[in-house]
Amino acid sequence: MHDMPGHDYHIDIPGTTIFDGRQAMKGYALNKMCYSFNKAVNRDAFKEDPEAYMEKFGLNDAQKDAIRSTNILAMIEEGGNIYYLAKLAGIFKLSVQDVGGMQTGMTTEEFKEYLLSQA
Amino acid sequence: MAKILGGITTSHIPAVGNAIQNELYDDPYWKPFFDGYPKVHEWVKNNKPDYVINIYNDHGLGFFLDQMPTFAIGAAHEYRNEDEGWGLPELPPFPGAPELSWHIIESMVADEFDITSCQELPVDHGFVVPMQLFWPGAPNNPDMPRAVPVSANTVQHPIPTLKRALDFGKALGRAIESFPEEAKVVVLGTGGLSHQLEGKRAGFINREFDEYCLNNIAHNPEELTKISRMELVEKAGAQGTEFLMWMMMRGALGDNVTELTRNYHIPISNTGAGTLLLECA
């Protein structure tokens, strides 16, 4: 029994991007760069010259702009996967609550309140 | 032959690692979470498993999108963590159990579960945090069992179905129990419960769905296989798909289990945090 008839079929879940093959192809360069941040030496190289580092990994203009403006939703739109983007967030010293707030238009404190409200 | 003593599940949030490092056990934010573990410690201490099968999902340390195994099993002599980009402490290596790993891989493939075997596998917080929770001081705990990591893909869709996860666990259970050594084995299922890190729905947590899963996994896991993958994303959140690890663990335990302890708390970081200890008959 197939729970996702047709390989292209996804239900629409508002506010949620299904990271599938299409997104994985779109975001490959961006995610590959973020994966490199597992190593401190690569984080240092990015911090020293972000433009050169993004160029080295072949990010497209939309991906570069998303990073220049620290626009998490745009990074997701451009194929970023949150697990790899989390390593970029580490460079910017953003917590997951900071990142949550940035995506939902809340301050970090408001976002923490929202989490608590679901207890 | 080896015997499966039981299974333990827990969320594996990176922030828990920091809380352990800073010994925040009595901090008002953390206490309701850490209160879920003393009974697990007692059980682990009384039963002293020789091996731990740690079912977790890699989050972009061990695997990248260039080669993404749906099911991978470590077959290394030891497993090391890394800082994951956040400066996490790098621990001494966790001892592996390559003979058990290869036995499981042989058995699983013969059972038609095709496995990616890994002679090197950096392990991330999904593997490490549960070890630290169950064996305080891990890997420097005198009772630390030798480990076999099992990682399932929840990074990139298509992810396995819940039925496949449960069936995988059943095959894993057969593999473990045919290991020709008098040994005690515990199976961990780590991750979950509901959470979503990305998008405009970031911060989504679903107590009702988590409780439905907690209420059914011990005695009625087949019921949970009716949940489709997209329904899982919708109800548990995009990262709540880590519940697949719990299903894999459950499958390995056989039909008859006793629930010895349960804990559930919202929120830890962005997550509905759950802990469960199931003992095999």
Side-chain angles (χ1 to χ4, degrees), chain A residues 1-4 7 9-11 13-21 23-25 27-28 31-32 34-40 42-43 72-73 75-77 80-91 93 95-97 99-106 111-112 114-119, chain B residues 13-15 29 32 57-66 68 82-88 122 124 154-159 161-163 194-207 225-235 237-239 265-272:
Chain A
M1 191 184 75
H2 200 316
D3 71 348
M4 281 162 58
H7 70 274
Y9 171 81
H10 300 310
I11 59 170
I13 303 169
T16 305
T17 302
I18 300 296
F19 188 82
D20 59 3
Q23 288 300 103
M25 284 171 34
Y28 193 76
N31 290 316
K32 190 170 181 179
C34 292
Y35 179 68
S36 79
F37 297 146
N38 277 310
K39 304 284 183 209
N42 294 330
R43 302 198 289 272
I72 310 285
L73 289 177
M75 292 179 206
I76 302 279
E77 172 68 28
N81 177 289
I82 197 68
Y83 289 134
Y84 302 105
L85 295 178
K87 297 167 195 299
L88 178 70
I91 292 181
K93 301 214 181 309
S95 73
V96 284
Q97 286 77 42
V99 171
M102 289 162 75
Q103 297 177 96
T104 52
M106 297 183 213
F111 187 76
K112 286 181 179 172
Y114 169 58
L115 292 169
L116 271 173
S117 74
Q118 297 174 92
Chain B
I13 307 148
Y29 179 88
N57 55 292
D58 180 77
H59 309 72
L61 177 72
F63 304 110
F64 179 59
L65 303 173
D66 56 342
M68 180 56 71
E82 293 182 20
D83 87 354
E84 298 188 46
W86 312 314
L88 298 179
D124 73 6
T154 54
V155 169
Q156 170 183 279
H157 289 269
I159 61 174
T161 63
L162 284 91
K163 178 178 184 302
S194 60
H195 63 302
Q196 175 154 338
L197 302 177
E198 84 268 23
K200 289 182 177 164
R201 201 170 72 126
F204 171 79
I205 298 174
N206 188 344
R207 173 184 283 275
T225 64
K226 294 177 189 162
I227 302 166
S228 76
R229 288 167 287 174
M230 286 303 119
E231 192 182 355
L232 186 62
V233 173
E234 184 178 21
K235 292 186 172 166
Q239 280 68 46
H265 178 68
I266 294 175
I268 289 298
S269 191
N270 287 18
T271 304

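Every chain is numbered from 1 and lettered A, B, ... according to where its sequence line falls, protein lines coming before strand lines.
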Is the shortest side-chain heavy-atom distance between [X] and [Y] below 4.5 Å?
| X | Y | result |
| --- | --- | --- |
| Asn81(A) | Val155(B) | yes |
| Arg43(A) | Asp83(B) | yes |
| Leu116(A) | Pro267(B) | yes |
| Lys39(A) | Glu82(B) | yes |
| Glu198(B) | Gln103(A) | yes |
| Ile18(A) | Met230(B) | yes |
| Tyr84(A) | Leu65(B) | yes |

[X] versus [Y], closest heavy-atom pair with distance:
| X | Y | answer |
| --- | --- | --- |
| Gly100(A) | Ala202(B) | CA-CB, 4.2 Å |
| Lys87(A) | Gly60(B) | CE-O, 3.1 Å |
| Gly203(B) | Gln118(A) | O-NE2, 2.7 Å |
| Ala24(A) | Gln156(B) | CB-OE1, 3.3 Å |

Quick one: [atom1] on [X] to [atom2] on [Y], what's the gap to the nearest 0.5 Å?
| X | Y | atom1 | atom2 | answer |
| --- | --- | --- | --- | --- |
| Cys34(A) | Phe64(B) | SG | CZ | 9.0 Å |
| Glu234(B) | Ile13(A) | CD | CD1 | 5.0 Å |
| Asn38(A) | Trp86(B) | CG | CH2 | 8.5 Å |
| Thr104(A) | Lys200(B) | OG1 | NZ | 10.5 Å |

Contact part of [X] toward chain A, heavy-atom cut-off under 4.5 Å: side chain, backbone, both or neither?
| X | answer |
| --- | --- |
| Asp124(B) | neither |
| Asp58(B) | neither |
| Phe63(B) | backbone |

## Note on the structure
Those residues at least two apart in sequence (or on a different chain) that pass ring-ring contact (aromatic ring centres under 6.0 Å, His included) with Tyr114(A) are none
### Task
Please identify each residue that fulfils ring-ring contact (aromatic ring centres under 6.0 Å, His included) with Phe111(A), with sequence neighbours left out.
none
### Task
Check the angle between the aromatic planes of Tyr83(A) and His59(B) and answer parallel, tilted or perpendicular using the 30° and 60° thresholds.
perpendicular
### Task
Considering only heavy atoms and a distance below 4.5 Å, find which of Leu85(A), Val96(A), Ile72(A), Thr17(A) pairs most often with chain B.
Val96(A)
### Query
What part of Ala89(A) lies closer than 4.5 angstrom to a heavy atom of chain B: side chain, backbone, both or neither?
neither
